[in-house]
Amino acid sequence: MNRFELSCNIIKVHNMKHLKEVAAEVKLKSGFSMPIIGLGTWQLKGNECVGTIKTAFQLGYRHFDTAISYGNEEEIGKALGGVDRESIFITSKVPPIDLKYEDVITSCRQSLERLKTNYLDLLLIHWPNDEIPIKNTFSAFKKLVDQKIIRSFGVSNYTIERLETELPIAKDMGLVISANQVEYHPGLNQEDLLDYCVNKDIALVAYSPLGRGDILAESVLGEIGQNYSKTKVQVSLRWLTQKGIVAIPKSSSKQHLKENLDIFDFSLTDEEIEIIDDLGNSQRLINPELF
Ligand code: NAP
């Protein structure tokens, strides 16, 4: 079985009865499911944030990615007030400065208040912090999972080396690492990290999946898109999701929001996937080693 077939196996595609859109989910190691397309919200603030989240929900988005450091949890809570909580998936992230046991617990409680919810679907370590012993941090996340305040725990900006070191520690403590959110787009194809995460049953979540717009300069994506009447962005998001990678593109434009969700009615061939795979892995926007 090649990785493409393997990826398809972990994607459950289902029709949302009340909506025309088709959604897909990835099953996490924690047992919970995560919609394979989510909305990134970095830099969305104030009324623009509230309006965008409401529009995205109406269009069919059910997965929202935020972080304490984005300063928009309150707006997201406001926009999603009144929505059936079980129908949506919310991720937030604890900043590196708050990774001491008590700080993790306090930050999480404050996130819940701002988001007006009593649980988070996924809470991530936003960036590692080597100055705080990882066991101290992990024990706080373990408590939050045990108390059902967070449904799943994950990390972000973790390299293979760091996962190799910290996965056994988490395992010894009975803490499941369900996801790793990293930069991933056609200009930064992190194959080795993807293989590693697939092998460890850790969902890979692609941040900056459009390279913050840089992928629009890639002509081959347009050529492939012509075969399906799809845009470069749709081809890129399809490439990620066919690999079983969750993608969280950010947009504040209604047209883009629609476009980014409309990727479930076509499939790239193995050959097209390989062409995009080969675009390279050198166009990194954020270097985790610098943090
Ligand atoms: P991105 O999603 O790769 O790109 C966003 C840019 O693409 C925006 O300028 C947006 O403009 C444009 N865009 C969106 N859809 C488009 C479309 N269909 N056609 C043309 N342009 C389109 O960048 P990102 O915001 O850096 O990453 C996404 C999310 O990942 C963030 O919002 C955040 O939630 C998360 N993230 C996490 C980390 C971490 O450390 N864990 C780091 C960075 C980001 P419009 O708004 O005009 O559509």
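Both ligands and their constituent atoms are indexed starting at 1 by order of listing.
Taking 4.0 Å as the cut-off between side-chain N and carboxylate O, Lys142 and Asp146 count as a salt-bridged pair.
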Write out each pair where an N or O from ligand 1 and one from the protein are under 3.5 Å apart, with the distance.
unit_1: ligand 1; atom_1: 2 (O); unit_2: Lys250; atom_2: N; d: 2.9
unit_1: ligand 1; atom_1: 3 (O); unit_2: Pro209; atom_2: N; d: 3.3
unit_1: ligand 1; atom_1: 3 (O); unit_2: Leu210; atom_2: N; d: 2.8
unit_1: ligand 1; atom_1: 3 (O); unit_2: Gly211; atom_2: N; d: 3.4
unit_1: ligand 1; atom_1: 3 (O); unit_2: Arg212; atom_2: N; d: 3.0
unit_1: ligand 1; atom_1: 15 (N); unit_2: Asn260; atom_2: ND2; d: 3.0
unit_1: ligand 1; atom_1: 18 (N); unit_2: Glu259; atom_2: OE2; d: 3.2
unit_1: ligand 1; atom_1: 18 (N); unit_2: Asn260; atom_2: OD1; d: 2.9
unit_1: ligand 1; atom_1: 19 (N); unit_2: His256; atom_2: NE2; d: 3.4
unit_1: ligand 1; atom_1: 26 (O); unit_2: Ser208; atom_2: OG; d: 2.8
unit_1: ligand 1; atom_1: 26 (O); unit_2: Arg212; atom_2: NE; d: 2.8
unit_1: ligand 1; atom_1: 27 (O); unit_2: Ser208; atom_2: N; d: 3.0
unit_1: ligand 1; atom_1: 32 (O); unit_2: Thr41; atom_2: N; d: 3.2
unit_1: ligand 1; atom_1: 32 (O); unit_2: Trp42; atom_2: N; d: 3.0
unit_1: ligand 1; atom_1: 34 (O); unit_2: Thr41; atom_2: N; d: 3.3
unit_1: ligand 1; atom_1: 34 (O); unit_2: Asp65; atom_2: OD2; d: 2.7
unit_1: ligand 1; atom_1: 36 (N); unit_2: Tyr70; atom_2: OH; d: 3.3
unit_1: ligand 1; atom_1: 40 (O); unit_2: His126; atom_2: NE2; d: 3.3
unit_1: ligand 1; atom_1: 40 (O); unit_2: Asn157; atom_2: ND2; d: 3.0
unit_1: ligand 1; atom_1: 41 (N); unit_2: Ser156; atom_2: OG; d: 2.9
unit_1: ligand 1; atom_1: 41 (N); unit_2: Gln181; atom_2: OE1; d: 3.0
unit_1: ligand 1; atom_1: 46 (O); unit_2: Lys250; atom_2: NZ; d: 2.9
unit_1: ligand 1; atom_1: 46 (O); unit_2: Ser252; atom_2: N; d: 2.9
unit_1: ligand 1; atom_1: 46 (O); unit_2: Ser252; atom_2: OG; d: 3.2
unit_1: ligand 1; atom_1: 48 (O); unit_2: Ser251; atom_2: OG; d: 2.5
unit_1: ligand 1; atom_1: 48 (O); unit_2: His256; atom_2: ND1; d: 2.6

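Judged by a 6.0 Å distance limit and a 45° cone about the ring axis, Arg151 is not positioned over the six-membered ring of Phe89.
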Going by atom type alone, with no hydrogens or angles, which donor-acceptor pairs under 3.5 Å involve a side-chain atom of residues 40-48 and a protein atom two or more places apart or on another chain?
unit_1: Thr41; atom_1: OG1; unit_2: Asp65; atom_2: O; d: 2.7
unit_1: Thr41; atom_1: OG1; unit_2: Asn72; atom_2: ND2; d: 3.2
unit_1: Glu48; atom_1: OE2; unit_2: Ser252; atom_2: OG; d: 3.3

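Note on residues 244-253: no pairs pass salt bridge (Lys or Arg N to Asp or Glu O under 4.0 Å), not counting sequence neighbours.
In this view, Ser111 and Glu73 satisfy the side chain to side chain donor-acceptor pair (under 3.5 Å) rule, not counting sequence neighbours.
Here Phe138 and Phe153 bring their ring centres to under 6.0 angstrom of each other.
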